[in-house]
Amino acid sequence: MSKLAAFGGTATVPRDWRHVQWPLIEDEDRKAVLDALDGPRLVSDTDGVNAVSRLEEDWARRFGHEACVAVSSGTAALALALAALGIGPGDEVIVPAFSFIATGLAPVHQMAVPVFADIDPVTFNIDPDDVERRITPRTKAIIPVHLHGAPADMDRLTAIARRYDLAIVEDAAQAPGATHRGRPVGAIGEAGAFSLQVSKNIPTCGEGGLLVTRDAELAARMRRGRQFGEDIDAGRDRDYISYGLGWNYKMNALQAAFTLAQLDRFDAYERARQENVTGFLARLAELPGLTVPTALPGTTHAWHILRFRFDPAAFGLDGVRPEALRSALRRLLRAEGVPMSQYQLIPLPDQKVFSDRVGFGSGYPWSVTGAPGTTAGEDYPVTRAVIADSLTVQKRHLHPGAGELLDLYADAFEKVWANRDMVATLAKAAS
Ligand SMILES: *Cc1c(COP(=O)(O)O)cnc(C)c1O
């Protein structure tokens, strides 16, 4: 049994593997950005073909969406989807208690109130039963998040949305390429938001986002909203008239050009990624007390983040707190060169903006609905359990050449598991 790196042994993952990083920026990406910089149009404020309109077309074609609207970020995409659906003051929007902060902020940006629902312990996605419990006469929409790249339970959510006449806006920021019963996520509901932020599965060189929808009229309202409320019609000069409330949520040509180049390589990357990740997870699935993420039947998982849960009892550590086992494993695995980290340290409703209702002044938007505020530390038992007993692998596994690195990660896990007595000592000391 080899000695753990945390106690003076050799790290399993040599330092020279640190070059496998995400995003992977190639010469095609550099050339695409330089060409766009030398091109005639850096912004998409008038009619006609440019890198932004080409990205919209290519994305729609690749993923089989009827309409795609490019915007400045995934957060802007979520807010604009709600705006285009007419969601505003007095409305409630149900969102998962476990997600990136932007999912909870988007309704507030529209002066609607986010209502949080707990999650499923296996997929980490919004729990349809809890969604149904939290519906009130004010509820107008649900934002399911395909968290970590795993599709949410769209069958049940769609049925609930129909029954109560609610819109569904999918937060697919982490899930381009994921499918649910053969359909790409994003346009199963009324609208879907993607993020092209540089760490996501299909990145841009900075910030960007995309909206998709099956509804041409909704797409037109999104386009109007992204550009000051103006209508940009084919073959007509820009008239600078605002027909409705608008923002400046436009994407620029450099960002679009970079993502166009990445999109060309996406299928090849995705094939490699599926093979690398599933091979890695199959090895880890053998270890006792470790639950690996899975793709549910009928879905494709985009593996944006790999979340592992640890069970003290199955590890032979009855009575040890999950946080103690988690911190022991984090320390030992990191010393072996596996960058285990936490993703989302608290449930969204515990974030101060929501628990203290820091909105637009005068208690808006919460004072409009009289909705009860959330109280930090209460409710959401599954979200809390998952945060307490899990760690994630992020970014580097997305590199198409990460197969050998993931083999080394698996070696490191096996080494730590072979030293379970040391893990137990550390976890008990921390407990
Ligand atoms: C990244 C992300 C967003 C926000 O996207 P930005 O482009 O960073 O604004 C929203 N929701 C989820 C789940 C995300 O991961």
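Counting starts at 1 for both ligands and their atoms, in listed order. From a predicted model like this one, the values you see are computed outputs, not experimental measurements. Reckoned from all heavy atoms, side chains included, excluding hydrogens, waters and symmetry mates.
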Participant: Would Arg62 pass as a cation-pi partner of Phe266, given that its NZ or CZ must be under 6.0 Å from the six-membered ring centre and within 45 degrees of the axis?
Facilitator: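 Negative - Arg62 is either too far from the ring of Phe266 or too far off its axis.
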Participant: By number and element, which atoms of ligand 1 are closer than 4.0 Å to a non-hydrogen atom of Ala102?
Facilitator: 4 (C), 10 (C)
Participant: I'd like to check which ligand 1 atoms, numbered from 1 as shown, lie under 4.0 Å from a non-hydrogen atom of Val145.
Facilitator: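 Those atoms are 13 (C).
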Participant: Does the distance from a Lys or Arg side-chain N to an Asp or Glu carboxylate O, for Asp27 and Lys31, drop under 4.0 Å?
Facilitator: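 Salt bridge between Asp27 and Lys31, a charged N being under 4.0 Å from a carboxylate O: no.
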Participant: Checking the N or O distance criterion of under 3.5 Å, is ligand 1 in contact with Ser195?
Facilitator: yes
Participant: To check you understand the geometry: which heavy-atom pair defines the closest contact between Pro151 and His146, and what is its length?
Facilitator: CA-ND1, 3.4 Å
Participant: Please state whether the rings of His65 and Phe63 are parallel, tilted or perpendicular, taking 30° and 60° as the class boundaries.
Facilitator: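 Judged by the thresholds at 30° and 60°, the geometry between His65 and Phe63 is tilted.
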Participant: Within a strict 4.5 Å, meaning less than it, do heavy atoms of the Pro96 and Leu348 side chains meet?
Facilitator: no
Participant: What atoms in ligand 1 come closer than 4.0 Å to a heavy atom of Gly208?
Facilitator: 7 (O)
Participant: If you measure from each heavy atom of His304 to ligand 1, is any distance below 4.0 Å?
Facilitator: no
Participant: Is the shortest distance from a heavy atom of Ala76 to ligand 1 less than 4.0 Å?
Facilitator: no
Participant: Going by atom types alone, do Glu132 and Tyr164 pair a side-chain donor with an acceptor below 3.5 Å?
Facilitator: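 Their side chains do contain a donor-acceptor pair, which is all the 3.5 Å distance test asks for.
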Participant: Which ligand 1 atoms are under 4.0 Å away from a heavy-atom of Gly74?
Facilitator: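 The list of qualifying atoms is 5 (O), 6 (P), 7 (O), 9 (O).
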Participant: Where is the nearest protein heavy atom to atom 13 (C) of ligand 1: which residue, which atom, and how far?
Facilitator: Asp171 OD2, 3.5 Å
Participant: N/O of Lys200 under 3.5 Å from N/O of ligand 1, yes or no?
Facilitator: yes
Participant: Within the 4.0 Å heavy-atom shell around Ser73, which atoms of ligand 1 are there?
Facilitator: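 What qualifies from ligand 1 is 7 (O), 9 (O).
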Participant: If you measure from atom 9 (O) of ligand 1 to every heavy atom of Ile143, Leu196, Thr103, Thr75, which option wins on shortest distance?
Facilitator: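 The nearest heavy atom belongs to Thr75.
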Participant: Using the salt bridge (Lys or Arg N to Asp or Glu O under 4.0 Å) definition, which of the options Asp130, Asp129, Asp127, Asp120 pairs with Arg156?
Facilitator: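 For Arg156, the salt bridge (Lys or Arg N to Asp or Glu O under 4.0 Å) check succeeds only for Asp129.
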Participant: Nearest non-hydrogen contact with atom 12 (C) of ligand 1 belongs to which option: Ala173, Ala175, Ala106?
Facilitator: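 It is Ala173 whose heavy atom sits nearest to atom 12 (C) of ligand 1.
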Participant: Decide yes or no for Leu325 and Asp389: does some side-chain heavy atom of the first lie under 4.5 Å from some side-chain heavy atom of the second?
Facilitator: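 Leu325 vs Asp389: side chains apart.
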